Structures are given as structure tokens and as C-alpha cells.
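For reference, the structure is listed below as C-alpha cells.
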Amino acid sequence: AEVEETLKRIQAHKGVIATIVINAEGIPIRTTLDNSSTVQYAGLLHQLTMKARSTVRDIDPQNDLTFLRIRSKKHEIMVAPDKEYLLIVIQNPCE
Amino acid sequence: MEIIYVYTRKRSEFGRPCSFSDRPAKVNVDIAPDPSTAGGFVLRNPVDSSVQHTSDMSEHEVNTERAEVESRGVNHTEGGWPKDVNPQEVEQTIRFRKKVEKDENYVNTITHLGALMEHCVKQNNAIDIYEEYFGEEEMAEVEDEPPSAKTINVVRDPNGTKRTATRLSWHPDTCKKLAVAYSSLEFQQNVDDMSFDSYIWDLENPNKPELVLKPSSPLVSLEYNPKDSHVLVGGCYNGQMAYWDTRKGGLPVEASTVEVSHRDPVYGAIWLQSKTGTECFSASTDGQVLWWDIRKLSEPTETLVLDITRKGLLENALGAVTLEFEPTMPTKFMVGTEQGIVIACNRKAKTPPEKITSTYSGHHGPVYALARNPFYPKIFLTVGDWTARIWSEENKESSIMCTKYHLSYLTDGCWSTVRPSVFFTTRSDGTLDVWDFLFKQNDPSLSLKVCDEPLSSLRLQDNGCVVGCGSKLGTVTLLEISSGLCTLQRNEKTLASAMFERETKREKILEARHRELRLKERARSESQESEVEESPYEVLDRARREFFEVIEAELQRRVQAETQHPHGKVKDPTGEAAAVQGEESQVPKDREEEEEEKDAA
């Protein structure tokens, strides 16, 4: 219930295109996109987050990745990582 | 000599096979130091001894091999589902998802992450961090940065035996593709395993050619059709013409028949402006210019023999080395020949002799490049022997401007497509020169050593910023010119046109004067009725006399200058005087030598 509310709130913000929740194995739990795109995002971003996290920890073992933002020409992909789950939001930031 | 130590061995034991046996260490000889010899040594304290403690280093060289990269697609399939869940079964996946969502950990995590995410989303919506604040302001005046160019890409001939990159042609639309014709132009140097292929390169991937063109004989010239970017025409080393369609692969779609083609390598091949977009023409050192229609390469539509005596005889014909055609003037074209003469021709003349309208001679060697100025079509550039010359169509006797004589041959040249007074030339010592004639006429504005081997061809991209140079070993280097040389300056067009007009006028005046002088001479000699023909000895005498007169006059002038300004040369008046005297004494000596020579001859 709370989860629903949170996700709905995020989706309602201006410019947000899609919201995806994936678990540690890369399986999409909750998504507002179609299946094939979701699977693509899930697979690719999962690996990228792992790589980013290991990079941060390699440089300083006490450090950890809190947030990952990828800004591209068309939109911005934001990834909030956790130990077990990953929250991905795709937003179009330009007005 | 006193025997100090003695070693004995029985004679019967010599030569015996060795019988090795192990035994414990045994002292054989013990030589004690002799204290009496200590007197011969001096004690030294302290002793300088150098010690170094560093780690051992060794030198290694590593060269990474070029990684061959290929683009491939990836197929995403679903995975990661636990074993008991079948991803195809919608019910099972839904059940699994519901189970996960009930997990408490899930709820906590998502709430936490959700808050974090909302913060960022709101941040994005609040401010556009990449906003351009002062974008509309006029760019500040471009500072006078020195002209420069940097290499952006190098494309090498992948074959073992390297061939010269004889022609480059940019793809008409995208300018990301480059067609390069490779052939070996050395006379009879064709190695057996030299491949005949020419390539189309995609600049995103300089390691592997995008398309391999396989003609029956190496291509000397290659051009993209400006109207249809899939079609290319190529002139071969054996004189044939062939055309390719990139959609159909690497073999030529059709090639001209050998009997009616050229008999020498086709050095120039250019597409013509026509409604069908299938006409082209070619020129070769066999003295002919042939017009072709791509659809029917079995015979040329028209021929022209480059005979400047206008008789159309092939024996008198001059070999063509380069061809020039400007789409804005479709009936006229120009041919640069091996003999250093540029012939301007009109295609629409009624009779063949009238086709050749005028000739311009001025180069000592073959004219390797010919280009009209894209802004002022009456002005054209020729590159040959050791200079580059600028001509105006109206002045047929001589060029209006000329660069200085270089130390190496100039091999190719072209105008800049954006600035009317800038042109590029390549030299056989591997240098690319960029000349800005409004700025400086003595030297190139930018002179870059591109590679060690001679550069054989040059082509500027349509935007005017990127230039490709092909070298003798098949390496094509792409350089990006600094923006100062490829952006139009204010007033440049008017200044350039003023400069060209001024030079044209100057040449015209000079021409007129020459003509007058010649007429006068002729009139004078006719009225005198003297032998106009001078024997070679008399010419030699006259030349010698004039030469020495000039030297004497110079010497006199110098002596006079000395006597008039003695205070300026207080330091070494004797030295100078001696030098002058030395020269003077040498001159009579030379004269004596000359007289002796004359007597001998």
C-alpha cells in the first residue's frame, strides 16, 4: 500500500517517463513500461550499477554507491541502488 | 729462482681413466701469509668505497596490437528467474511478483529509495542544470590564433604491398565515407602480388574497409556521383572505365570495352551535369578525352583529341594528367597536360578543331592539379613542377600569381570551399601547405609535415574543415584545419576579388607592353635589314659581355658607396678595400680565362 503510493507519486511527477523496480537477480518486480524494454533496462542497468558500485568501492573501500544518474541527449536515467533491489526512474528533465 | 712449493704425482698415474670418488673435504695446501711482504703495502684509513642499493631494473618494450572491433547486436532474453518459475507462464511470474511485494524488506527498501528518488526528480524539474545562460550573445571576436591543423584519423592500406593512394573522393551527403583509389603509378613496377582492390572507408571504423571494390585493373581515379551517392565511377590503370553501385557489392556493374577505352591510365574521371545523372567524362595521357554514358559503356559517346594545333591528330596530342569541370559552367572544361600546358575546351563547339578554345602554358612539368575557385570561376589554380600558379581566364600568356619555387615537387592542390583566397597544396616531401593569399603570398600560412613519404593526393570535404591526404604508401591522413582558416572573414570576398582583379590588370598591362616591345623590335630589325639570326657564338658573346658589364657596374657602385661613407666603416676599411680589390683582381683573371676558352673554342 505504501509502496503503491510512493511509486504512484514518483510516476506522477512532471517529465517522468517510466518507473521500474528490479530485484538483485535482475528480475523486474514492478514496471510501467512494456515487457521487452523493461527486460532490456533491467539487464543493462543492473550490470552498470554493479560496475559503478565496484568502482566506488575499489577507490575507497569505506565508500559506497548511493545514487547513479545517467544523462543522455533524450532523457535522464536515475538508479537508486540497494542491497537487494534497484529502483530505476526515466525522466525527461528539459522543459 | 727458489722453488717454494712442490706438487708431486707418480708418472704411472698419468693418463689413467679418472676414477671419481667422494671423500670428505681435505686440506691440500695451506699457504700462510708471509709477514715480510707486508712492508710493501701502505695502510689506508678511511677507504672510499661506493655502495648502491637499488632494485634491479630491466627495460622492456610493449606494443599493444590494434584491437579489431566489430559492432554486434545483443539479444536480450529474460533470465534470472528462480528455477521453479517459468518466465513464459504469466501466472507463475505474477505469483512470484506478488510474493516479493509482500516481503517486509521490500516495503522498507522501496520507501527509502522512493524518497531518495523523489528528491532527485524534483531537483531535475526545478532547475535545468545544463542551461545555456548567455547563448544569444555574439561570440567574441576570434582571437588571432595561429593557424593549426590536427590529425583526426589515419587510414592505412591493409595489404602487404603498399600502393599509392591516387585519388580520394568524399561521399556527397554524409562526408563520413571516403572512397580511395589505390594503384601503383611507378612505371612497370607492378609486383605480382599487388592487389587491385580499392576501398570505401567508413571513418567510424578505420580498421576495416566498408566496401572493397574489385576492378580488373587497379583504379587510378575514382569519383562518387554527386547526384546518386550509391554510384561511383572509376578509371583504371589499363585505360578502362568501370562503374560500381555500392548496393550491389564490390564488383563493377559494368566496365567499358578495352578496344574503345583509353590506352593509358585514366588520370581524370569526373561526373557531368545531366538530367539523367549518368554521364561522365575521362581523360588520359594517351591524348584523348572521352565522354561516356554509364548505361552504355561499350563505346564512348564523344571523343576529343587534345591536339593544340587543332588538326585532331593523335600523334600531336598532349597527354592529359588532370581534368577539371565546374557544374556551373557545363559546356566548358579544362585539361591539364603532361607538357605543362592547360587547355580550355568548349564541349559545344561545332567542329572538333574549335573545341579547343585556348591554351595556357607556364609550367615546366606536368600539371598535376587543376581547380577553379568556387567563388570566382574565372580564376583557377594549377599545381605542377615546383610551384602553384593562379591564372585568370583572360590572361593567356602567364599566370597572374605564382608561389615561390619549392624544393620538392608539388603533387596536388585544391581551393578551400569556404574562403576564396585559401588553397591547399601537397608536396612530395610529405608536407601539406595551406596558403592564404590575402594574408601572405611568400610562404604558406600553415605548413605541416604529414608523413615521411610523398603525398600523392588531396581532397577537401565540402564543409571546408576536414582535408584528406593520400600518400605514396597508401596511408590516408585526415586533418582538421583550425577554424581561422575555414571560416569566412568579413570583407574577405570583396578583398579577394579586388586582389584578383588587380593582378589580372597588372598581367594585362605587362602583356600589352611585351607585345609592344616585340612589335618595335620586329619593326626595327626589318627597317635595318640586318641579319636577325645571330649565330650561337655571337649570342654567347653578347650574354657574357652584358654579364660582366653588370658586375663591373655593381663593383663601381660599391666602391663609390665606400668612398662616400667612410665613417660608417671605420672598423674594417682595409678589409673591405682588400675584398673589393680581391674581386677586381679576380674579375680580370676570369676575363683572361674566358679569352683562353674562346680561343680554344
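Naming: A, B, ... by sequence-line order, numbering from 1 per chain. Please read these numbers as outputs of a predicted model, since none were measured by experiment.
Qualifying salt bridge (charged side-chain N to carboxylate O under 4.0 Å, His left out) partners for A:Glu84, counting only residues two or more places apart in sequence or in other chains: none. The ring-ring contact (aromatic ring centres under 6.0 Å, His included) check on B:His171 picks up B:Tyr224, with sequence neighbours excluded.
Of the two parts of B:Phe96, only the side chain, counted from C-beta on, holds a non-hydrogen atom closer than 4.5 Å to a non-hydrogen atom of chain A. Only the backbone of A:Thr66 comes within less than 4.5 Å of a heavy atom in chain B; its side chain stays farther off. Contact annotation for A:Glu76: only side-chain heavy atoms (C-beta onward) come within less than 4.5 Å of a heavy atom of chain B. In this structure, the portion of B:Lys122 lying under 4.5 Å from any heavy atom of chain A is its side chain and not its backbone. Both the backbone and the side chain of A:Val89 come within less than 4.5 Å of a heavy atom of chain B.
Interface remark: of the candidates B:Gln123, B:Met117, B:Lys98, B:Met117 forms the most heavy-atom pairs closer than 4.5 Å to chain A. Counting heavy-atom pairs under 4.5 Å between each of A:Glu2, A:Arg30, A:Arg69, A:Lys83 and chain B puts A:Arg69 at the top. Chain B forms more heavy-atom pairs under 4.5 Å with one residue of A:Val16, A:Asp82, A:Thr6 than with any other, namely A:Asp82.
Other residues, nucleotides and ligands contribute more than 12 heavy atoms inside 6.0 Å of the CD atom of A:Glu4.
Closest approach of B:Ala149 and B:Leu448 over heavy atoms only: CB-CD1, 3.4 Å.
In this structure, B:Arg97 contributes its side chain and A:Pro28 its backbone to a donor-acceptor pair below 3.5 Å. When atom types are taken as modelled, the side chain of B:Trp244 and the backbone of B:Gly250 share a donor-acceptor pair closer than 3.5 angstrom.
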